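As the structure is a computational prediction, the values presented were derived from the model and not from experiment. In listed order, ligands and their atoms are each counted from 1. Values below: all heavy atoms of this structure, side chains included; hydrogens, waters and symmetry mates excluded.
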Amino acid sequence: MPGVEEIKNNLISKLRYSLCLDLKDATHADIFNALALTIRDFQLDSFFATKHYQKEAKSKRLYYLSMEFLLGQSLRNNLMNLGLYPAAHQALNELGFDFEDITAEEPDAALGNGGLGRLAACFIDSMATLDIAASGHGIKYEYGLFKQSIQHGRQVEQPDDWHSTHSPWLIDHHSQLMLIPIGGHIEESEDIDGNYNPMWMDWRVIVGVPHDYFVTGYGGKTVNKLRLYSAAASDSFDVHIFNRGDYLRAVSQKIASENISKILYPADEIQSGKELRLTQEYFLVACTLRDIFQEFTDKSDDITALPDAVAIQLNDTHPALAIVEMMRILVDEHRLDWDAAWDITQKTCAFTNHTLMPEALETWPVTLFEKLLPRHLQIIYEINHRFLADVAEKWPDRPELLASLSLFEERGEKKIRMAHLAIVGSHKVNGVAKLHSELIKQDLVPNFYFISPEKFTNQTNGVTPRRWIQQANTQLATFLTRQLGAGWVTDLDKLQRLKKLANDSGVVEEIQSIKLHNKQALCRLIASRQGIKVDPLAMFDSQVKRIHEYKRQLLNVLHVIHLYLGIVESGNTLIQPKVHLFSGKAAPGYAMAKLIIQLINEVARTVNNDPRTKGQLSVLFLEDYKVSLAEHIIPATDLSEQISTAGTEASGTSNMKFSMNGALTIGTMDGANIEIRDAVGAENFYLFGATAAEINTHRATGSHNQIYHSNPVIRETVDALVSGRFNLDKSLFQPIYRMLTEGDHYCHLLDFDSYRLAQHQVLTDFSQPQQWHQKALLNIAGMGSFSSDRTIKGYASEIWGITC
Ligand code: 26V
């Protein structure tokens, strides 16, 4: 293990020979880069050792395909996992730098939108920690998720040029280019034996360049890689266009190719059918499969053994084309017969669904496929034909099954249903929390469940305790290590042992003082980012996540309005001072979500500037939510808002992060909330609202209007939206008012009273600090099974056939 001197010397030499700088001229950003390059060398030593032992062990390899990896910062995580944290800390100090100042320089790698991408990042950490031979495969977007600022209360988006100076964590492999065909057309033909042998002709080529980011498991034994591909143009293949003298066309084609990895699509839960997005998905899949086949054929010449050596996990339908590309490679290139190829493909692939929201389910127009991927379209037709023939044969008396199961949506413009493709081509399909997995079977694709019940399974999400406790909450980590020994970091079930300390008032006071310490740190951050002073003794109530109607930030802000009206109109006083924190981004094209951000900001401005609320109520919208900001907010939160309409949030993962950092949850019976409540005890969780079944019934009866008219508290609150109280323009929030009173699909008003009562109970309980922090301790104690290590062990044994 390198010591302080070695780190110092290497850092200075990186500054000098890689960055051409003298220590005395180096900025904090330069020092960050030099330290990252120093640490990367240690990672690489372990990487080569890992490669060697994985090869010797002939380990089955897992390929995790995802359009998103929301990594955040890496320096502190790598230092901790390699065991170099104290030495690096001291090395920086001895060189005259503050460790916090230097690590804060690292830009977040925001190559994802939200939950799905952050889950992928937790998973690669757990896979390396569990010594699984695994790699992540994604796209190296030049621009990650946009940066958000708030101007006049409104969200403004700016490009996220996350590695303008090139990330020190990435190693480019320009010598391992991949050639990816796209476009063109099919010419029907026969081979010499007279078999149908279609030829994919006149395609153009996109070049894939691999960039490797190294993922250090805890303890540093295993270093896996995350391989991100960028797109480039192929000079040699465009030569004929140049030769024809069509210089401008050749250049524009080059630009078009480079655009493929230019930007992350900033929408989640909204699918828009854009050509560039489909091209990105194909590009990821095609590059990854070239890597998979290359690695496999290096070791084996028996292609039928592929499913024993390789498992592919599809993170939602976005990489589902892997099924089709694999069939193309096996049938067209390896000349396997269809049934053998299909058997290999199905045994290798597995699919995770992450959403029940109809607008997020991917479908692609057939015409778009015809233009970009004509051979893949043919293969999809063939998969569908054989699949439906099989269904018709097995269930001759159920002809109605065919239209509902088909890979094609025939109503309106003909489209390919990517979820159907993913289900048919996989041997396992999983949801991400118990309720979600049930709803997949019962509501989303009941007929698929009917024909192949054995495919469907659940793997409840988890989060990595390395980042979300050890790194984000160093005081809690120190406390845990003192109480439980260091083993909790890789065996989170050890947290259970805290239960017996719940009646030890000294321990409970320590939990309280850790929380206060974290709140003070967050106050300093808020003061420096937004120039606002917050009282650390107030209750911190946080809702941080993408802004979406189904997540119901609006329910939260309606309740804040209700509290405000109580103070200013009825002269109420809150039993405890409260700070409501909101943070999150809205998809740039999602007007209602953006209006909700504006409402939160206008309510914040009104409430915070009203002298009558002083010392009682304040509201903050923290700009530019990202992983590194979450690491500050979550450990400093008293109350975690997990208030989605039951049956809409597949799992949620911030709910887990908050609870394991000692926040109590106010939440609905949705996603993983249900399992969290079971784990921490119903008495330590503030449950409210209708269940998924009740929501269905309510929607069917459509009695929302009645709630507004019959409930004066609700009416007063909703009317305030259009009263001019929060903005001189009374019509500004009219669309929200209308949504609530003319449909309220997400049932804000239905759950309002129940939410209000639960919030009241929260405040009452918060005024008893000893009891509150005892509940906080019991939350931490109950969260052992929400480590992503547990989740990955489940995937490994039940889906991948990998032992760990
Ligand atoms: C859809 C699209 C559509 C095209 C544009 C880009 C894009 C990006 C993402 C998505 C789907 C997002 C689905 C998602 O993030 N689901 C979340 O997954 C979490 C991890 O399983 C889970 O905890 C959340 O409840 C779920 O909303």
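- Using bins of under 30°, 30° to 60° and over 60° for the plane-to-plane angle, the ring pair H420/F448 lands in the perpendicular bin.
- For E362, no heavy-atom contact with ligand 1 is shorter than 4.0 Å.
- Only the side chain of N461 comes within 4.0 Å of ligand 1, counting heavy atoms alone; its backbone N, CA, C and O stay farther away.
- Under the 4.0 angstrom criterion for non-hydrogen atoms, R277 is in contact with ligand 1.
- Heavy-atom contacts of A650 reach the following atoms of ligand 1: 25 (O) (cutoff under 4.0 Å).
- Aromatic ring pairs are classed by plane angle as parallel below 30°, tilted from 30° to 60° and perpendicular above 60°; the pair H559 and H580 is perpendicular.
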With a 3.5 Å cut-off and sequence neighbours excluded, list the donor-acceptor pairs that the side chains of residues 266-273 form with protein atoms.
residue	atom	partner	partner atom	Å
E269	OE1	T355	OG1	2.6
E269	OE2	Y550	OH	3.4
Q271	NE2	T363	O	3.4

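- Scanning the protein for heavy atoms near atom 14 (C) of ligand 1, the closest one is E269 OE2, 3.6 Å.
- No more than 12 heavy atoms of other residues, nucleotides or ligands shown are found within 6.0 angstrom of NZ on K274.
- Remark: D125 does not engage R467 in a salt bridge, criterion side-chain N to carboxylate O under 4.0 Å.
- Within 6.0 Å of atom NE2 in H427, more than 12 heavy atoms from other residues, nucleotides or ligands are found, so the atom counts as buried in its surroundings.
- Aromatic pair H137/Y63: ring centres closer than 6.0 Å.
- Ion pair E281/R277 flagged as a salt bridge, since at least one NZ, NE, NH1 or NH2 atom sits closer than 4.0 Å to an Asp/Glu carboxylate oxygen.
- Residue-to-ligand polar distances place H354 within reach of ligand 1: an N/O pair is separated by less than 3.5 Å.
- Within ligand 1, counting atoms from 1 as listed, the ones closer than 4.0 Å to a heavy atom of I270 are 3 (C), 4 (C), 5 (C).
- Residue G114 places every heavy atom at 4.0 Å or more from ligand 1.
- At the shortest separation from atom 7 (C) of ligand 1 among protein heavy atoms lies A267 O, 2.9 Å.
- Proximity to G115 (heavy-atom distance under 4.0 Å) selects the following atoms of ligand 1: 19 (C), 20 (C).
- A salt bridge is defined here as a Lys NZ or Arg NE, NH1 or NH2 lying under 4.0 Å from an Asp or Glu carboxylate O, and E157 with K594 meets this definition.
- Every heavy atom of R546 sits 4.0 Å or more from the atoms of ligand 1.
- Of the polar atoms of E649, at least one N or O is found under 3.5 Å from an N or O of ligand 1, judged by distance alone.
- By the criterion of a heavy-atom distance under 4.0 Å, neither the backbone nor the side chain of A360 is placed next to ligand 1.
- Under 4.0 angstrom from ligand 1, the non-hydrogen atoms of E68 all belong to its side chain.
- In summary, the atoms of ligand 1 found under 4.0 Å from a heavy atom of G652, numbered by their order in the structure, are 22 (C), 23 (O), 24 (C), 25 (O).
- In terms of the side chain to side chain donor-acceptor pair (under 3.5 Å) criterion, residue partners of D108 (sequence neighbours excluded) are, by chain and number, S628.
- The proximity of L116 to ligand 1, defined as any non-hydrogen pair under 4.0 Å, involves the side chain as well as the backbone.
- Surrounding NZ of K434 are at most 12 heavy atoms belonging to other residues, nucleotides or ligands under 6.0 Å away.
- Listed by atom number, the atoms of ligand 1 under 4.0 Å from S651 heavy atoms are 23 (O), 25 (O).
- Two rings, from Y590 and H548, have their centers less than 6.0 Å apart.
- Atoms of ligand 1 lying under 4.0 Å from at least one heavy atom of V432, given by number and element, are 21 (O).
- Taking any N or O of D316, backbone or side chain, none lies under 3.5 Å from an N or O belonging to ligand 1.
- Proximity of Y550 to ligand 1, defined as any heavy-atom pair under 4.0 Å, is confined to the side chain (atoms from C-beta onward).
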